[in-house]
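It should be emphasised that the depicted structure is a prediction, and the values quoted were computed from it without experimental measurement.
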Amino acid sequence: LNQKINIALFKMDYQKKTMFIIKELELSARQVGFAIGKSGSVVSDKINQIKSNKFLQEDFERLQKFYIKKLEKITAQK
């Protein structure tokens, strides 16, 4: 299953990759904004692609790193 997800993510652009994380983790625009350092309204525009706003590679990488660190903290708690 993880391999299928990795292959699917590899083929997506950064907008789709970021949206995949947002949907899978059921994140709000405010939560995403906090993780990537942008306002909730900017994130809402990117989610809805208003004025051609899209998530960039930098946004995806920040979001990914932020939640990977959170998951690592959870798994470290034994």
Item to complete: Go through N53 and V42 one step at a time and tell me if the side-chain contact (heavy atoms from CB on, under 4.5 Å) criterion holds.
Response: CA-CA 8 Å; N53 280 331; V42 168; 5.8 Å; no
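Across all their heavy atoms, A29 and G40 have their closest contact at CB-O, 3.6 Å.
In this structure, F60 is a member of the same hydrophobic cluster as M19, with clusters built from ILVMFWY side-chain heavy atoms closer than 4.5 Å. Hydrophobic clustering, with ILVMFWY side chains joined whenever heavy atoms are under 4.5 angstrom apart, groups L25 together with I22.
Note on residues 39-58: no pairs pass ring pair (Phe, Tyr, Trp, His ring centres under 6.0 Å), not counting sequence neighbours. Among pairs with a residue in residues 48-57, none fulfils salt bridge (charged side-chain N to carboxylate O under 4.0 Å, His left out), at least two apart in sequence or across chains.
Both the sub-6.0 Å distance and the 45° axial angle are satisfied by K17 relative to the ring of Y14.
With rounding to the nearest 0.5 angstrom, the CG atom of D45 is 8.0 Å from the OG atom of S39.
In this view, E58 and R62 satisfy the salt bridge (charged side-chain N to carboxylate O under 4.0 Å, His left out) rule, not counting sequence neighbours. Taking F34 as the reference, F66 meet the side-chain contact (heavy atoms from CB on, under 4.5 Å) condition, with sequence neighbours excluded. Listed by chain and number, the residues in a salt bridge (charged side-chain N to carboxylate O under 4.0 Å, His left out) with D59 are K38, K46 (sequence neighbours excluded). Here I68 pairs with Q64, E72 under the side-chain contact (heavy atoms from CB on, under 4.5 Å) rule; sequence neighbours left out.
Side-chain contact between T18 and L63: present, with at least one pair of heavy atoms (C-beta onward) separated by less than 4.5 Å.
Between the side chain of D13 and the backbone N or O of Q15, at least one donor-acceptor pair lies under 3.5 Å.
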